[in-house]
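This report concerns only the one structure given below.
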Amino acid sequence: MSEMSEMSEVITLHEHLRELDEELATLISRICELSILIRRELPHRLGKAGTVNISGEQQTKIDVWANDVFIDGLLSTGLIHQLASEESEDIVEYEEGTGAFNITLDPLDGSSNIESNNLFGVICGIYDASTPLPARGRKLKAALTILYGPLTTMMYTAKRGVHEFVKGRKHNLEDVYYLVNEHLQIPSPGKVYGVPSNREMWLPEFRHFIALLEREHYGLRYGGSFIGDTNQVLHKGGFFAYPAYLDRPHGKLRLQFECNPMSLIVEEAGGKSSVGMGSVLDVEPTSLHQRVPLYIGNVELIDQMETLFAKCRDARLYY
Ligand code: P6P
């Protein structure tokens, strides 16, 4: 990440968004304003909510509160027609919504990391209102993430490259996002790989591919947060997967709320996404909360993995 130079030379998010049409710029700005409010409230809303979301996951107090903040804060812009959240079972259809956009939201991806002060953040996908949810990722107009880490950073793409910002101060007053990486490109060759546990339940062809990466001395980086682990790959190059398992062939990550927006960002940064064979963005959705296996990283690594997977399938080595 490039150093943020003196105030006079820096470009704020507001200035950078001038490249976009006004309504999209307004929506992205609003999401960023809400993300700053949520960051400030985090220490005051720790602990479990005692509820479970539609995916059967324990919710934290901040999960529930952040979800409400985003829903109220975004519907009040008048820009939203449909809003779907990982934390809500059904689509919120805004009746008066002549809004121009449909939005998918993971209000706090990796929120189980909060108690150990590890990385987590917000993932948003933005579609034209004419694209009903659930939607194919290829139809995304824009995608953005807010990463809560040592720094609070924001990344967005409107399908003209990926741009990264860091939250700083302006004249010791307000919080502002400043540009630190324009047209971010995933480094190649890469250096890191991130994969979850339970190796004995991985598909054999995936175990074989990871063994190849380890022989190539890729460094293991796994933080239990899709947004944080993908951010590492975007900055260092390499590979991340939440793969298919023998007992969970669809993996864990949700297509609409996690995989589509993050895959668009990775592909716009010169990387590649896959569900094992073909881009995540080409998956025809079957339900709002469906899960898909997720593989992202440098193009050459995803190509190598898909070739290996195809050979194993053709050789029927394991079936
Ligand atoms: P595991 C967070 O809960 C999440 O949905 C993703 O952000 C992350 O990649 C994954 O789950 C971590 O799962 O099984 O390693 O705890």
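All figures in this text were calculated on a predicted structure; none of them were measured in a lab. Heavy-atom basis, side chains included; hydrogens, waters and symmetry copies ignored.
Sorted by first and then second residue, the pairs that involve residues 256-284 and meet ring pair (Phe, Tyr, Trp, His ring centres under 6.0 Å), not counting sequence neighbours, are Phe257-His289. Identified under the ring pair (Phe, Tyr, Trp, His ring centres under 6.0 Å) test for residues 30-79, with sequence neighbours left out: none.
The closest donor-acceptor contact from the side chain of His81 to the backbone of Ala100 lies at 3.5 Å or more, if one exists at all. Under a 3.5 Å cut-off, the side chain of Tyr218 and the backbone N or O of Gly194 do not form any donor-acceptor pair. A donor-acceptor pair under 3.5 Å is absent between the side-chain atoms of Asn118 and the main chain of Gly223, judged by distance alone. At least one donor-acceptor pair under 3.5 Å links the side chain of Ser273 to the backbone N or O of Val280. Side-chain atoms of Ser263 never come within 3.5 Å of backbone atoms of Asn260 as a donor-acceptor pair (strictly under, hydrogens ignored). Between the side chain of Glu258 and the backbone N or O of Arg254 there is at least one donor-acceptor pair closer than 3.5 Å. Within the 3.5 Å criterion, the main-chain N or O of Arg207 finds no donor-acceptor partner in the side chain of Arg199.
Shown here for Gly237 and Ile186, the closest heavy-atom pair between the two residues is CA-CG1, 3.8 Å. Of all non-hydrogen atoms in Leu133 and Ala84, the two that sit nearest each other are CD1-CB, 3.8 Å. When all heavy atoms are compared, the tightest approach of Asn298 to Pro187 is ND2-O, 2.8 Å. Contact record, Pro189 with Glu300: CA-OE2, 4.3 Å, taken as the closest heavy-atom pair. Of all the heavy atoms in Ala129 and Gly99, the pair that sits closest is CB-O, 3.3 Å. Nearest approach of Thr157 to Lys159, heavy atoms of both residues: OG1-N, 3.0 Å.
Paired with Tyr177 under the rule side chain to side chain contact (heavy atoms under 4.5 Å, CB included), one option of Ile36, Thr153, Thr12, Leu17 passes, and it is Ile36. None of Tyr193, Phe209, Tyr222 except one satisfies the ring pair (Phe, Tyr, Trp, His ring centres under 6.0 Å) rule with Phe239; the exception is Phe209.
The structure places OG of Ser112 at 12.5 Å from CD of Gln59, a figure rounded to the nearest 0.5 Å. With rounding to the nearest 0.5 Å, the separation of CG in Asp282 from CZ in Arg136 is 6.0 Å. Note that the CG atom of Leu108 and the OG atom of Ser35 stand 10.5 Å from one another [nearest 0.5 Å]. Residue Ile80 holds its CD1 atom at 8.0 Å from CG of Asn102, rounded to the nearest 0.5 Å. With rounding to the nearest 0.5 Å, the separation of CD in Glu268 from CG in Leu281 is 9.5 Å. Expressed to the nearest 0.5 Å, how far CG of Leu34 lies from OG of Ser29 amounts to 11.0 Å.
Following chains of ILVMFWY side-chain contacts shorter than 4.5 Å, one can reach Leu24 starting from Leu179, so the two form part of one hydrophobic cluster. Linking ILVMFWY side-chain heavy atoms closer than 4.5 Å, directly or via other members, places Met277 and Ile296 in a single hydrophobic cluster. Clustering ILVMFWY residues whenever any of their side-chain heavy atoms sit less than 4.5 angstrom apart, transitively, puts Phe120 in the very cluster that holds Met154. Both Leu42 and Val69 belong to a common hydrophobic cluster when Ile, Leu, Val, Met, Phe, Trp and Tyr are linked at side-chain heavy-atom distances under 4.5 angstrom. In the hydrophobic clustering of this structure, Leu140 does not group with Leu20; members are Ile, Leu, Val, Met, Phe, Trp, Tyr whose side-chain heavy atoms approach within less than 4.5 Å, directly or through other members.
Aromatic ring orientation, Tyr242 versus Tyr245: tilted (interplanar angle from 30° to 60°).
Side-chain atoms of Val162 and Met155, non-hydrogen and from C-beta on, do get closer than 4.5 Å to each other. Residues Val195 and Pro243 are not in side-chain contact: their nearest non-hydrogen atoms beyond the backbone lie 4.5 Å or more apart. With contacts defined as side-chain heavy-atom distances shorter than 4.5 Å, the pair Leu75/Val92 qualifies. Using a 4.5 Å heavy-atom cutoff, the side chains of Arg291 and Arg248 are not in contact. For the pair Ile123 and Glu86, the minimum side-chain heavy-atom distance is 4.5 Å or more. Under the 4.5 Å side-chain criterion, counting only non-hydrogen atoms from C-beta, Val266 is in contact with Leu234. In this structure, Asp106 and Pro261 have side chains that are not in contact, with every pair of non-hydrogen atoms separated by 4.5 Å or more. Looking only at side-chain heavy atoms (C-beta outward), Ile126 and Leu144 come within less than 4.5 Å of each other.
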**OP:** With side-chain contact (heavy atoms from CB on, under 4.5 Å) as the test, would you mind laying out the steps for Leu105 and Val122 before giving the verdict?
**Re:** CA-CA 7 Å; Leu105 192 60; Val122 184; 4.2 Å; yes

**OP:** Let me see the working for Arg138 and Glu267 under salt bridge (Lys or Arg N to Asp or Glu O under 4.0 Å), right down to the final yes or no.
**Re:** CA-CA 11 Å; Arg138 207 56 82 188; Glu267 295 193 6; 3.3 Å; yes

Subject >> Residues Ile265, Leu184; criterion side-chain contact (heavy atoms from CB on, under 4.5 Å); working and verdict >> reply: CA-CA 10 Å; Ile265 287 174; Leu184 181 140; over 6 Å; no

Original post:
Hey, mind stepping through Ile227 and Tyr148 against side-chain contact (heavy atoms from CB on, under 4.5 Å) and telling me if it holds?
Top reply: CA-CA 10 Å; Ile227 186 171; Tyr148 295 124; over 6 Å; no

**OP:** Check the pair Asn231 / Ser225 against side-chain contact (heavy atoms from CB on, under 4.5 Å), numbers first and verdict last.
**Re:** CA-CA 10 Å; Asn231 195 58; Ser225 154; over 6 Å; no

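Aromatic ring centres of Phe240 and Phe226 lie closer together than 6.0 Å.
Inspection of the Arg30 and Thr77 side chains reveals no N or O donor paired with an N or O acceptor under 3.5 Å. For the 3.5 Å distance criterion, the side chains of Ser274 and Glu306 qualify, holding a donor opposite an acceptor. In this model, a donor atom of one side chain and an acceptor atom of the other lie less than 3.5 Å apart for Thr60 and Asp63.
Phe309 is linked by a ring pair (Phe, Tyr, Trp, His ring centres under 6.0 Å) to Tyr295, counting only residues two or more places apart in sequence or in another chain.
Within a 6.0 Å sphere centred on NE2 of His14, heavy atoms belonging to other residues, nucleotides or ligands number 12 at most. With a 6.0 Å radius and a threshold of 12 heavy atoms from other residues, nucleotides or ligands, Lys48 has its NZ atom at or below the threshold. Atom CD of Glu200 has more than 12 heavy atoms from other residues, nucleotides or ligands within 6.0 Å. Counting heavy atoms of neighbouring residues, nucleotides and ligands inside a 6.0 Å radius, atom CG of Asn117 does not exceed 12 of them.
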